[in-house]
Amino acid sequence: MALPGFRDFYPADCAFRNAIFAKWRDVAHRYGFVEYDGPPLEPLDLFTKKSGQEIVTQLYNFTDKGEREVALRPEMTPTLARLVTARHKDFKKPLKWFSIPQVFRYERQQKGRLREHYQFNCDIIGEAGLEADIELIALVIDTLRAFGLTEKDFVVRLSDRQFWTDFMNERNVPEEERYAVIQAIDKSEREPREKTAEKLGRLATEVFAILDDAGSAKSERLDTVETGLRYRGLPDYVKRDFTVVRGLAYYTGVVFEVFDRSGEFRAIAGGGRYDNLLKNLGEVDLPALGFGMGDVVLGEILKGNGWSPHHGQSGVYVVIADEDYRAQAMKIVQELRLQIFDEAVDYSLQPSKVGKQFQTAEERVFEFAVVVDSQVTDGIVEVKVLATRQQTKVAIENVYSHLMEKRGERYRRG
RNA sequence: GCGGCCGUAGCUCAAUGGUAGAGCUCCAGAUUGUGGUUCUGGCUGUUGCGGGUUCGAGCCCCGUCGGUCGCCCCA
């Protein structure tokens with residue numbers, strides 16, 4: 001039994017997960033992002049420096065055998081910040097980097113939320129212009145579209161953290177009250193209005209006016225972002241929503257969260273601009289923005305949509321019809337394994353009835369069977385297309401080319 | 001950290017307080033060298049764990065662990 005909040009990945013689960021990873025990588029590459037990675041275990045203070053001591057209650061942390069205080073990473077951004085800070089002069093800006101780390105949180109699990117998950121992280125570093133924000137949001141949209149999701153399935157709720165900062169500046173909200181205001185706005189959707197109003201005090205009327213009618217608030221940044229997305233043909237995927245502020249204190253500009261349209265799940269992804277984070281963590285001052293998308297909520301949505309990795313027929317099952325010729329069969333197996341690309345060539349490890357071997361081949365969705373029997377002494381095997389049950393005698397040296405020819409016929413038939 | 005619901009075979013679930021069962025899966029055979037059907041047979045349980053009540057507990061009570069959903073918190 002896996003620990004609470006941790007998952008086992010049986011082959012089908014692993015195939016599903018890997019198919020998600022493959023899509024993530026595919027889209028990121030198409031957007032010109034390059035992959036990086038870092039250690040799952042980090043010094044504890046890497047996280048407390050950014051988020052304060054209170055984050056420790058949410059961390060898997062312990063003292064290692066060298067008396068170091070360490071923690072399993074709860075997010076990738078601090079690691080990314082360290083990597084970039086250490087060697088930023090080695091890279092041309094802007095950096096477009098992505099990663100698929102497994103991240104960990106020590107908290108009670110609930111729907112869509114475990115103690116570990118894989119999080120697709122995409123960040124652009126060293127570009128202050130809004131073109132980067134547009135690029136990043138387009139990427140999050142196209143990532144979900146790559147899974148067959150459409151504007152009917154999800155929406156990117158767009159907001160502007162800077163707008164709220166300006167708002168509070170203009171009304172002279174004291175520094176120490178600001179985080180509470182942001183928190184109140186963040187929770188306003190889930191709490192009774194009176195409670196939020198109480199928290200907001202004198203700001204309540206104005207804030208509610210903005211939350212109720214996002215169009216009433218002016219944000220040139222959002223105007224620009226929306227225009228940019230329109231140019232890219234993606235306007236139907238976004239909606240202005242100033243309740244989105246993101247819990248974290250370090251966001252500075254455009255922020256966004258992606259939700260399923262049904263409202264059944266928690267956020268699919270979230271991110272935004274954090275221009276001051278690198279400066280605050282180290283000596284390097286670079287603007288930055290990014291998003292994270294977890295495999296758990298996405299996986300639940302995809303399962304609900306019936307999405308699954310394609311697993312058509314492929315590979316070759318070598319049927320040993322006569323145990324006397326197992327040695328010859330092994331020679332064929334090994335030759336095919338050298339010739340074939342990225343597909344299984346398998347056989348029964350133990351003597352087994354022919355019918356049983358075919359059954360195995362079929363259950364495992366092989367495309368071809370190669371039957372080895374006494375004819376092998378004349379250099380002949382039977383090649384069978386499992387789907388059509390069509391069987392042909394083929395000289396051993398021609399097996400591979402015969403298989404490829406058969407496959408070509410299948411594709412030509414469509 | 002707090003609360004609701006739930007914990008019986010690998011899976012889905014039955015069993016009035018009275019000898020723990022079924023379906024599916026899996027394995028084997030029917031079928032001696034060619035397929036997902038069918039039929040037959042077989043394996044699998046400290047009823048999550050520990051205590052209590054009772055002549056007797058899967059069932060009732062307490063605790064605990066785990067699952068699930070929500071809260072807190074937070075992506």
Side-chain angles (χ1 to χ4, degrees), chain A residues 1-8 10 12 47 50-52 54-59 73-78 101 103-121 157 179 182-183 186-187 190-191 195 244-251 255-259 264-272 274 290-298 300 313 317-325 329 348 350-376 381-393:
Chain A
M1 191 83 166
L3 285 168
F6 286 77
R7 295 170 290 173
D8 291 321
Y10 285 87
F47 306 116
K50 177 186 156 205
S51 308
E54 59 274 18
I55 197 176
V56 175
T57 60
Q58 311 269 358
L59 289 180
R73 62 188 171 199
E75 56 166 329
M76 198 58 173
T77 309
V103 296
F104 308 85
R105 289 201 170 225
Y106 195 89
E107 61 184 358
R108 190 124 186 163
Q109 68 165 317
Q110 47 189 288
K111 187 176 161 65
R113 183 162 227 190
L114 308 172
R115 286 181 167 179
E116 54 80 22
H117 68 143
Y118 292 89
Q119 193 182 58
F120 181 43
N121 275 259
R157 285 154 58 167
Y179 190 61
I182 291 292
Q183 291 278 25
D186 190 22
K187 286 199 174 73
R190 304 183 293 265
E191 277 183 348
K195 197 165 176 188
V244 173
V245 290
R246 317 269 308 142
L248 291 175
Y250 60 75
Y251 285 102
V255 291
F256 57 90
E257 291 185 342
V258 186
F259 288 88
E264 187 185 340
F265 302 95
R266 57 180 78 240
I268 304 167
Y274 51 94
F291 74 81
M293 176 187 297
D295 72 314
V296 177
V297 173
L298 177 63
E300 285 174 355
Q313 295 181 314
Y317 198 84
V318 175
V319 173
I320 302 166
D322 185 334
E323 279 298 320
D324 290 347
Y325 305 105
S348 175
Q350 288 294 326
S352 172
K353 288 197 237 180
V354 174
K356 196 61 108 185
Q357 294 183 62
F358 273 102
Q359 193 170 323
T360 299
E362 182 160 296
E363 281 169 1
R364 290 175 55 189
V365 210
F366 280 89
E367 185 175 8
F368 302 107
V370 170
V371 184
V372 177
D373 57 20
S374 63
Q375 298 175 91
V376 78
V381 293
E382 303 275 350
V383 173
K384 187 165 187 174
V385 180
L386 287 164
T388 61
R389 305 195 174 203
Q390 175 195 45
Q391 191 164 317
T392 320
K393 288 187 203 302

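Sequence lines set the chain letters: A, B, ... in the order given, protein chains first and strands last, and positions in each chain run from 1.
- What separates OH of A:Y317 from P of B:U34 is a distance of 16 Å, to the nearest Å.
- Salt bridge status for A:R115 with A:E107: absent, with no side-chain N to carboxylate O gap under 4.0 Å.
- Atom name C1', nucleotides B:U12 and B:U44: the rounded distance is 16 Å, in whole Å.
- Of the inter-residue distances, the one linking A:F291 atom CZ with A:R246 atom CZ reads 11.5 Å to the nearest 0.5 angstrom.
- In this entry the distance linking CD of A:E107 with P of B:U68 reads 13 Å, nearest Å.
- The distance from atom CD of A:Q110 to atom P of B:C73 is 12 Å, rounded to the nearest whole Å.
- Checked against B:G33, B:C73, B:G67, the side chain of A:P4 finds its nearest nucleotide in B:G67.
- Nucleotides B:C43 and B:C24, compared at atom C1', are 15 Å apart to the nearest Å.
- For B:C60 and B:U47, the C1' atoms lie 15 Å apart once the distance is rounded to whole Å.
- Here the P atom of nucleotide B:U68 and the CZ atom of A:F6 are 13 Å apart, to the nearest Å.
- Between the CZ atom of A:F366 and the P atom of B:G36 there is a distance of 17 Å, rounded to whole Å.
- From A:K187, atom NZ reaches atom NZ of A:K195 across 8.5 Å, with rounding to the nearest 0.5 Å.
- Here A:Q109 reaches the OP1 or OP2 of B:G67: one of its side-chain N or O atoms lies under 4.0 Å away.
- Taken to the nearest 0.5 Å, the CD atom of A:E257 stands 7.0 Å off from the CG atom of A:D186.
- Atom OH of A:Y106 has 12 or fewer neighbouring heavy atoms from other residues, nucleotides or ligands inside a 6.0 Å radius.
- Distance check on atom P: B:A30 versus B:G36 gives 14 Å, rounded to whole Å.
- Minimum interatomic distance between A:L114 and A:G5 (heavy atoms only, all atoms of both residues): CB-O, 3.2 Å.
- A:Q350 has its CD atom 11 Å from the P atom of B:A28, to the nearest Å.
- Between B:G48 and B:U16, the distance separating the two P atoms is 16 Å to the nearest Å.
- For B:G67 and B:G29, the P atoms lie 41 Å apart once the distance is rounded to whole Å.
- As judged by a 4.0 angstrom heavy-atom cut-off over every strand, A:G5 is placed among residues touching the sugar-phosphate backbone only.
- In this structure, A:K356 reaches the sugar-phosphate backbone alone: every heavy-atom distance under 4.0 Å involves primed, P, OP1 or OP2 atoms, never a base.
- Atom CZ of A:R108 and atom C1' of B:C73 are 14 Å apart (whole Å).
- Nucleotides B:U8 and B:G23, compared at atom C1', are 15 Å apart to the nearest Å.
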- prompt: Given the rule that a pair is Watson-Crick or G-U wobble with both distances under 3.5 Å, how would you write RNA chain B in dot-bracket, using | for pairs to a different strand?
  reply: (((((((..((((....[..)))).(((((.......))))).....(((((..]....))))))))))))....
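- Comparing A:Q391 and A:G112 along RNA chain B, the residue whose closest nucleotide (by nearest heavy atom) sits nearer the 5' end is A:Q391.
- Base contact: A:R389 has a heavy atom under 4.0 Å from a base atom.
- To the nearest angstrom, C1' of B:U34 lies 13 Å from NZ of A:K353.
- Annotation: the span from A:N121 atom CG to A:M293 atom CE amounts to 10.5 Å, rounded to 0.5 Å.
- In plain terms, the two heavy atoms of A:E116 and A:R7 that are nearest each other are OE2-NE, 2.9 Å.
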query: Would A:F368 and A:V385 satisfy side-chain contact (heavy atoms from CB on, under 4.5 Å), going step by step from the backbone distance to the final call?
result: CA-CA 5 Å; A:F368 302 107; A:V385 180; 4.0 Å; yes
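- Note on A:A369: nothing from the nucleic acid sits closer than 4.0 angstrom, heavy atoms only.
- Of the P atoms belonging to B:C72 and B:C13, the separation is 30 Å, rounded to the nearest Å.
- Residue-to-nucleotide contacts include no donor-acceptor pair under 3.5 Å from the side chain of A:K111 to the base of B:U68.
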